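Data first, discussion second: the structure below is written as structure tokens.
Residue numbering restarts at 1 for every chain, and letters A, B, ... go by the order of the sequence lines. Reckoned from all heavy atoms, side chains included, excluding hydrogens, waters and symmetry mates. This structure is a prediction, so every number in the text was calculated from the model and none was measured.
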Amino acid sequence: MNDHLEPSGSHFIKAIIEGELASGKRDAVRTRFPPEPNGYLHIGHAKAICLNFGLAAEFGGTCNLRFDDSNPLSERQEYVDSIREDVAWLGFDWEDREYYASDYFEQLYDWAVVLIKKGKAYVDDLSAEEIREHRGTLTEPGRESPYRGRSVEENLDLFERMRNGDFPDGSKVLRAKIDMAAGNLNMRDPVMYRILRAEHYRQGSAWSIYPTYDFAHGQSDSLERITYSLCTLEFEDHRPLYDWFIENLEIFPSRQIEFARLNISHTVLSKRKLRLLVEDGHVAGWDDPRMPTLSGLRRRGYPAGAVRDFCNRIGIAKADSIVDLALLQHCAREELNRTALRRMAVLDPLKVVIENYPEGETEELEAVNNPEDDSAGTRLVPFSRELWIERADFMEDPPKKFFRLAPGREVRLRWGYFITCTDVVRNDSGEVVELRCTYDPETRGGQAPDGRKVRGTIHWVSARHAAPLEIRLYDHLFTRENPNQADEGKSFIDNLNPDSVTVRTAQGEPSLAEAKAGQSFQFERQGYFAADSRDHSSERPVFNRTVTLRDSWARAQKRS
RNA sequence: UGGGGCGUCGCCAAGUGGUAAGGCACCGGACUUUGGAUCCGGCAUUCGCAGGUUCGAUCCCUGCCGCCCCAGCCA
């Protein structure tokens, strides 16, 4: 069951459902999530998944997982597998309700026969191009096909022979007989079946004709007695056709309701475009951590709960919108702050030598694993005479509000000692390569017995004990807020951010090498990082930056 | 100039006749062994525009303006 999941706010679909339940028009809520297995799920699908499963849970109904697989050309089992994995990862359970439109092909065929017998469908010999020409334009009505008047008997015979494979691919189609003058193009005798001798990943070569979306989707809903068939805005024009099939077939009246699809700034959310990024090698695969796919977000370190929280916060409405990526990042930080173990890792190392600390000595300092969660306990971190600190935590000539290390300044090493910088060592080209410091043995653990305060606390790692970590820092995949808004003659590909990933070697606490693939940590004062699910190992630790920590110092710097 | 939709704060989004929720972002301040977290405070006299109805309209009516979708035998 999915009862454990968070409820969402109020929206128009919920209002419609409450209305129909109250009036007695409906007595149950049955929804479905109907992906076509021709690509990986992305966060836009997560919105639909949370909506459909969420509504079912909230109203004590059910939500089916249905693969909308009526086009054999692009569908594959690999995609079915990834979709199942992603929906489950998101935290939703469809129990035994896993359906396939392709399992309904026989029933769909019978229903097509019903329409033919009613004189509501006919076999058309026009070519694809001729059908297009006959369809008319947005402002002019279409023309009827010369084959529109065929007898029921002839249509029955022809349709059966289409199924039997008597005709070449594309030579005939079955069309609904509606109205070639309709303002809505979808009602100008839409195609219901096409001849296609393609190997279907589940049906094999059992069929030589395949139903189109319009003749498969709504009927599948009806078969499953779906009460609310939720889809995105671009299907609004299809609703009259959706209802036409239900009425003329006299089958269970599912109701289609449309809502706006999700857009997020600095990325694209269309399967077609994501596939292009993968196929043209702009990213390393569907699960590249820069991808807005669920597998990409997961690998990047986004927790499923954060994605669900995001989906609940963005709301459901009918206005086109682009949600700020910052909201998704906020959701990740909120969950990770509560759950991620803290560790120290230095991303841009600068050597520090504690001159008054005995050479060769090592001690273990106790560090809190998560200040937000006492049950996470503590760990021991090795300390010795030579350390790595963050290069950005030292300034030779610091501005007044800089609280970190500088010549003559004292700071606290997190969970360690107070140290004071006494000298700066440079190389031939004048770069700072090492800091000489002294420590105060009385301040072990980070408190001074004399009550002395320091403004700054910096993270560090013992040079001798440090584990080298491969760190992958990610930035926006696209430079533009709306990548689809491309300059004249260019495409969204031209808006790709050339610096969307940078790799570097960091020095981390030794325990980081023991991290499990996929495990998330907060590298203190830096951000949240997840051990890469593909490349991480204790011999070669690899971490992906999920999101940075908020950094008010960096923001203040930027302002001035 | 056909049909279908949508326009409420920088970004999302409630509200739909009684005088503008909330979140993100942003800006202050408190606190702090993460310049993190947390806490407190600020942030639309105004709801695309113009008329009208009404004691009263973001919500009703009329007319404009702007944006999105549709001419696949894709979904």
Side-chain angles (χ1 to χ4, degrees), chain A residues 9-11 34-36 38 68-71 73-74 124 126-128 131-133 135-142 169-175 181-188 190-196 209-210 212-214 216-217 231-240 258 260 265 271-272 310 312-331 333-334 337-338 342 344 367-368 371-372 401-404 412-416 418 443 445-447 453-459 481 522-527 548-556:
Chain A
S10 74
H11 58 249
E36 183 190 13
N38 68 345
D68 206 358
D69 54 357
S70 58
N71 181 2
L73 267 16
S74 52
D124 195 348
L126 254 28
S127 68
I131 287 180
R132 175 156 37 81
E133 284 163 1
R135 189 152 30 227
T137 67
L138 294 179
T139 51
E140 307 155 30
D169 286 10
S171 61
K172 286 178 167 46
V173 292
L174 181 72
R175 292 228 256 171
N184 181 345
L185 292 301
N186 292 118
M187 300 301 270
R188 320 242 265 224
V191 172
M192 294 165 60
Y193 270 93
R194 67 272 209 183
I195 301 174
L196 200 58
I209 57 172
Y210 289 92
T212 57
Y213 165 84
D214 286 307
H217 196 99
C231 62
T232 44
L233 255 25
E234 64 269 29
F235 292 99
E236 221 150 11
D237 287 347
H238 292 249
R239 192 180 348 122
E258 312 84 11
S265 62
K271 241 192 265 181
R272 201 206 111 237
F310 173 77
N312 285 154
R313 288 181 190 234
I314 55 178
I316 301 295
K318 297 191 70 163
D320 294 320
S321 64
I322 300 179
V323 176
D324 194 336
L325 213 216
L327 179 59
L328 213 210
Q329 297 178 327
H330 168 83
C331 293
R333 290 190 188 105
E334 193 158 272
N337 176 50
R338 286 197 318 268
R342 261 110 262 221
M344 293 192 284
V368 169
E372 306 293 322
K401 298 295 256 309
F402 186 81
F403 304 146
R404 286 109 94 145
R412 170 168 41 233
L413 293 176
R414 174 134 246 226
W415 310 121
F418 285 10
T443 58
Q447 301 281 9
K453 301 284 185 200
V454 290
R455 280 306 294 273
T457 299
I458 66 174
H459 58 97
E481 221 170 271
Q522 182 197 99
F523 288 177
E524 294 210 38
R525 305 208 306 135
Q526 294 286 171
T548 62
L549 245 32
R550 291 180 75 232
D551 187 346
S552 54
W553 167 246
R555 234 178 309 135

Worksheet item: ring-ring contact (aromatic ring centres under 6.0 Å, His included) with A/Phe402: which residues, sequence neighbours excluded?
Response: A/Trp553

Item to complete: Remember a base hit wins even if backbone is also touched, and classify A/Leu174 as base, sugar-phosphate or nothing at under 4.0 Å, heavy atoms.
Response: nothing

Item to complete: Measure the spacing between CG of A/Asp124 and OG of A/Ser171 and express it to the nearest 0.5 Å.
Response: 11.0 Å

Worksheet item: Counting side-chain heavy atoms from C-beta on, which of B/rC73, B/rA75, B/rA37 comes nearest to A/Val191?
Response: B/rC73

Fill in: Nearest-angstrom distance from the residue atom CD of A/Gln522 to C1' of B/rG36
6 Å

Practice prompt. Check whether any side-chain nitrogen or oxygen of A/Arg135 sits under 4.0 Å from OP1 or OP2 of B/rC73, and answer yes or no.
Written response: yes

Item to complete: Look at the side chain of A/Arg342 and the backbone N and O of A/Glu524, then say whether any donor-acceptor pair between them is shorter than 3.5 Å.
Response: no

Discussion item. Given 3.5 Å as the limit, does a donor-acceptor pair link the side chain of A/Thr137 with the main chain of A/Thr139, or not?
Written reply: yes

Item to complete: With syn defined as a glycosidic angle within 90° of 0 and anti as everything else, classify B/rG72.
Response: syn

Item to complete: Would you check if A/Arg414 and A/Arg525 make a side-chain contact, meaning some heavy-atom pair closer than 4.5 Å?
Response: no

Worksheet entry | Side chains of A/Ile322 and A/Glu481 in contact at under 4.5 Å (non-hydrogen atoms) | no

Worksheet item: Any side-chain heavy atom of A/Ile209 sitting closer than 4.5 Å to one from A/Leu196?
Response: no

Item to complete: Give a yes or no on whether the backbone of A/Gly446 and the side-chain of A/Arg412 come within a donor-acceptor separation of less than 3.5 Å.
Response: yes

Practice prompt. Hey, could you give me the OH/CD distance between A/Tyr213 and A/Glu36, rounded to the nearest 0.5 Å?
Written response: 11.0 Å

Worksheet, complete the sentence: Per-nt protein contacts along nucleotides 20-29 of chain B (heavy atom under 4.0 Å; B base, S backbone sugar-phosphate only, - none) come out as ---SSSSSS-

Response to the item:
Heavy-atom nearest nucleotide on RNA chain B taken for A/Gly416 and for A/Asp68; more 5' hit belongs to A/Gly416

Worksheet item: Picking from B/rU34, B/rG5, B/rC73, which would you name as closest to the side chain of A/Arg194?
Response: B/rC73

Discussion item. Using the C1' atom as the point on both nucleotides, what is the distance between B/rC6 and B/rC12, in whole Å?
Written reply: 15 Å

Worksheet item: Side chain of A/Glu234, base of B/rG5: donor and acceptor closer than 3.5 Å?
Response: no

Discussion item. Nearest 0.5 Å, please: how far is CZ in A/Arg550 from CZ in A/Arg333?
Written reply: 7.0 Å

Response to the item:
A/Asp214 atom CG is separated from B/rA75 atom P, nearest whole Å, by 8 Å

Worksheet item: Under a 3.5 Å cut-off on both pairing distances, which runs of 3 or more consecutive Watson-Crick or G-U pairs involve RNA chain B?
Response: B:2-7 with B:65-70, B:10-12 with B:22-24, B:26-30 with B:38-42, B:48-52 with B:60-64

Worksheet item: To the nearest Å, how far apart are A/His459 NE2 and B/rG36 P?
Response: 14 Å

Fill in: Atom-to-atom span, CG of A/Asp320 to P of B/rG48 - whole angstrom
16 Å

Worksheet item: Quick one: does A/Asn184's side chain have a donor or acceptor within less than 3.5 Å of a partner on A/Asp237's backbone?
Response: yes

Response to the item:
CZ of A/Phe418 to NZ of A/Lys453, rounded to nearest 0.5 Å, is 8.0 Å

Under-3.5 Å N/O pairs linking protein and nucleotides 14-19 of chain B:
unit_1: B/rA14; atom_1: OP1; unit_2: A/Ile316; atom_2: O; d: 3.0

Worksheet, complete the sentence: Checking B/rA75, B/rC73, B/rC6 against the side chain of A/Ala319 (C-beta onward), the nearest is B/rC6

Discussion item. Rounding to an integer number of angstrom, what distance separates B/rG23 and B/rG18 when you compare their P atoms?
Written reply: 24 Å

Identify each atom pair where a protein N or O and an N or O of nucleotides 2-4 of chain B are less than 3.5 Å apart, giving names and distance.
unit_1: B/rG2; atom_1: N9; unit_2: A/Leu138; atom_2: O; d: 2.9
unit_1: B/rG2; atom_1: N2; unit_2: A/Gly183; atom_2: O; d: 3.3
unit_1: B/rG2; atom_1: N3; unit_2: A/Leu138; atom_2: O; d: 3.0
unit_1: B/rG3; atom_1: N2; unit_2: A/Asp237; atom_2: OD1; d: 3.2
unit_1: B/rG3; atom_1: N2; unit_2: A/Asp237; atom_2: OD2; d: 2.9

Protein and nucleotides 39-42 of chain B: nitrogen or oxygen contacts under 3.5 angstrom:
none

Fill in: Donor-acceptor contact below 3.5 Å, side chain A/Ser70 vs main chain A/Ala216
no

Discussion item. If you compare all heavy atoms of A/Val173 against all heavy atoms of A/Arg194, which two are closest, and at what distance to 0.1 Å?
Written reply: CG1-CA, 4.3 Å

Worksheet item: For A/Leu233 and B/rC6, what is the distance between atoms CG and P respectively, to the nearest whole Å?
Response: 8 Å

Item to complete: Please check the phosphate of B/rG36 (OP1 and OP2 only) for any side-chain N or O of A/Ser552 closer than 4.0 Å.
Response: yes

Discussion item. Using whole Å, what does the distance between atom P of nucleotide B/rC74 and atom NE2 of A/His238 come to?
Written reply: 13 Å

Practice prompt. Between B/rG5 and B/rC9, how far apart are the C1' atoms? Round to whole Å, please.
Written response: 24 Å

Worksheet entry | C1' gap between B/rU62 and B/rU54, integer Å | 16 Å

Worksheet item: Hey, are the side chains of A/Leu185 and A/Leu138 touching, using non-hydrogen atoms and a 4.5 Å cut-off?
Response: yes

Worksheet item: How far does the C1' atom of B/rG51 sit from the matching atom of B/rC65, given to the nearest Å?
Response: 14 Å

Worksheet item: Expressed as a whole number of Å, how far does the C1' atom of B/rU16 sit from that of B/rA75?
Response: 35 Å

Worksheet item: Just by distance, do the side chain of A/Ser74 and the backbone of A/Asn38 share a donor-acceptor pair under 3.5 Å?
Response: no

Discussion item. Using the C1' atom as the point on both nucleotides, what is the distance between B/rG36 and B/rA57, in whole Å?
Written reply: 47 Å

Worksheet item: Using atom C1' of each nucleotide, how far apart are B/rG42 and B/rC49 to the nearest Å?
Response: 31 Å

Worksheet entry | Closest listed nucleotide, where the reference is the side chain of A/Arg525 and the choices are B/rC12, B/rA75, B/rG35 | B/rG35

Discussion item. Among B/rC73, B/rC74, B/rG35, which nucleotide has an atom closest to any side-chain atom of A/Trp553?
Written reply: B/rG35

Discussion item. Assess whether a salt bridge exists between A/Lys318 and A/Glu236, defined as any Lys/Arg side-chain N lying under 4.0 Å from an Asp/Glu carboxylate O.
Written reply: yes

Response to the item:
Atom CG of A/Asn312 and atom C1' of B/rA13 are separated, to the nearest Å, by 13 Å

Discussion item. Testing the basics here: between A/Glu372 and A/Asn337, what is the closest heavy-atom pair and its distance to 0.1 Å?
Written reply: CG-O, 3.4 Å

Worksheet item: Would you say the side chain of A/Gln526 and the base of B/rU34 hold a donor-acceptor pair, judged only by whether the two atoms sit under 3.5 Å apart?
Response: no

Worksheet entry | Distance test, side-chain N/O of A/Ser70 to OP1/OP2 of B/rA75, below 4.0 Å | yes

Discussion item. If the cut-off is 4.0 Å, is A/Arg132 near the phosphate of B/rG72, judged by side-chain N/O to OP1 or OP2?
Written reply: yes

Discussion item. Using the six-membered base ring of B/rA75, report whether A/Tyr213 stacks on it, requiring centroids under 5.5 Å and planes under 30° apart.
Written reply: no

Response to the item:
Quick note, A/Lys318 side chain, CB onward, closest among B/rA75, B/rU34, B/rG5 is B/rG5

Discussion item. Tell me the interatomic distance from A/Arg412, atom CZ, to B/rG36, atom P, rounded to whole angstroms.
Written reply: 15 Å

Discussion item. Is the shortest side-chain heavy-atom distance between A/Asn186 and A/Pro240 below 4.5 Å?
Written reply: no

